Peer 1: 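Right, I'll just put the structure down here and ask away after.
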Number of protein chains: 2
Amino acid sequence: MTDRRTAILEASARTIARRGVRGLRMDELAAEAGVSTALVYYHFKDRAGILRRTLEFITDRAGRYARGQHDTEGPTNPRELLELSLLLEFQDLPEVRENSTAWGELRASAIFEPELREELAEAGAAWIRQTTELLALAQPAATTAEVISSAERLTALREGLNARRLGGILRPEHARELMREAIEVEIAHLTTRR
Amino acid sequence: MTDRRTAILEASARTIARRGVRGLRMDELAAEAGVSTALVYYHFKDRAGILRRTLEFITDRAGRYARGQHDTEGPTNPRELLELSLLLEFQDLPEVRENSTAWGELRASAIFEPELREELAEAGAAWIRQTTELLALAQPAATTAEVISSAERLTALREGLNARRLGGILRPEHARELMREAIEVEIAHLTTRR
DNA sequence: GTCTATACAAGGATAGAC
DNA sequence: GTCTATCCTTGTATAGAC
């Protein structure tokens, strides 16, 4: 593959997705990456360091992945782009699932690891921004404030549904369906308003 | 207070809310409860045991708390009861905050601790049931299927908003506002339908 | 940059007395 | 039921050679 550093980050995402943040062991991570534990420390200083960098890595990868989708599918209308972007996470592709599992784990653990919070807040804000833009395109008549509120609800719902799906108490198809309906409901709300 | 066993469970909820599941240390828990570590093991067998029982304890306490609210506020209409029940978690009372922080933590860790999943799924289902009932009362004309979907979205949104609030990237008042609007939007949706 | 070997701390769990 | 004392596994981190 690429350089060792990247290999370690990939291994970290994979391991976190499989065992959780609490279950991430430095030696296991090293083995997964095919390097020695010492090298992990050389590149990332300590455990907190890999966590921070892994969150960064996952965020970037999710962004790349989402952008890739948009390009492949060709130009479509805002409404369809919105669905595409909000439903992406619920696809049952291994890579997507790994990313969102790891993401969910890191998000949860950020509550008690202040170091991760800034990165996390930024990623969350970016999601809201992107959703707001697409919603505004889909429904130009609506107030900015209302569009933002809708975007906040949709992204928060997405995370809530994802948490349930990862917990195994909600099937992916059902999550997708609920998400799709929510988009419909919010757009209808923005339409009928005044 | 009551018996030691309960004291340990209370201490566990408190400690998980403060340090997270990952940060829960048997000796710290024991100290918090004012007992020896050995006693914790005597009552709960092992670490997984306290986690399981703490989840159970928190679920019960949340239920008691919610019911208490309803009684105190006196009989109101379904719509108001619905708001009350869905907004309860976002109040900034220490006890409520502790409960929902610990709950969020346990939910997140359940992904990797199958033992917790059953309990968790049941609690989630109970929330959906209760919300469905209140929604159906508030909007008797709607289809059962549609009401259930709305309830699923509202409860998932509640969890998503709560995760953000706990992560410190969403203020409680704003969470409440978004939740309140979501109820409005969903009820409007159920009304206009056919 | 990368490895082998190892020090060292932390934390889960139990034995045995009261 | 409850405590004191302690064991011992597991896991983080570093020293030092290549």
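As the structure is a prediction and not an experimental result, all values here were calculated from the model. By convention in this document, chain letters (A, B, ...) are assigned in the order of the sequence lines, proteins followed by strands, and residues within each chain are numbered from 1.
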Peer 1: Could you run down the sub-3.5 Å N/O contacts of the protein with nucleotides 1-6 of chain D?
Peer 2:
| from | atom 1 | to | atom 2 | distance (Å) |
| --- | --- | --- | --- | --- |
| D:dT2 | OP1 | B:Arg4 | NE | 3.2 |
| D:dT2 | OP2 | B:His43 | NE2 | 3.2 |
| D:dC3 | OP2 | B:Ser36 | N | 3.2 |
| D:dC3 | OP2 | B:Ser36 | OG | 3.1 |

Peer 1: Identify, with sequence neighbours excluded, every residue that meets salt bridge (charged side-chain N to carboxylate O under 4.0 Å, His left out) alongside B:Arg61.
Peer 2: B:Glu98
Peer 1: What side-chain hydrogen bond (donor to acceptor under 3.5 Å, both in side chains) pairs are there with at least one residue in residues 36-46 of chain A, not counting sequence neighbours?
Peer 2: none
Peer 1: Whole angstroms only, please: what is the CG-P distance between A:Asp27 and D:dA13?
Peer 2: 12 Å
Peer 1: Could you give the CZ-to-P distance, from A:Phe44 to D:dA13, as a whole number of Å?
Peer 2: 14 Å
Peer 1: Roughly, in whole Å, what's the span from CZ in A:Arg22 to P in D:dT10?
Peer 2: 14 Å
Peer 1: Rounded to the Å, how far apart are A:Asp46 CG and D:dT12 P?
Peer 2: 11 Å
Peer 1: So, is A:Tyr41 close to the D:dA13 phosphate, meaning a side-chain N or O under 4.0 Å from OP1 or OP2?
Peer 2: yes
Peer 1: Tell me the interatomic distance from A:Arg47, atom CZ, to C:dA9, atom C1', rounded to whole angstroms.
Peer 2: 15 Å
Peer 1: Which residues pass the salt bridge (charged side-chain N to carboxylate O under 4.0 Å, His left out) test with B:Arg5, sequence neighbours left out?
Peer 2: none
Peer 1: Going by salt bridge (charged side-chain N to carboxylate O under 4.0 Å, His left out), name the residues that satisfy it together with A:Arg47, two or more places apart in sequence or in a different chain.
Peer 2: none
Peer 1: Sequence neighbours excluded, which residues qualify as salt bridge (charged side-chain N to carboxylate O under 4.0 Å, His left out) partners of B:Arg165?
Peer 2: none
Peer 1: Describe the nucleic acid contact of B:Leu29 in one word from base, sugar-phosphate, nothing, applying a heavy-atom distance below 4.0 Å.
Peer 2: nothing
Peer 1: Quick one: do A:Glu32 and A:Arg18 make a salt bridge, cutoff under 4.0 Å?
Peer 2: yes
Peer 1: Within the structure shown, what part of the strands sits under 4.0 Å from B:Ile50 by heavy-atom distance: base, sugar-phosphate, or nothing?
Peer 2: nothing
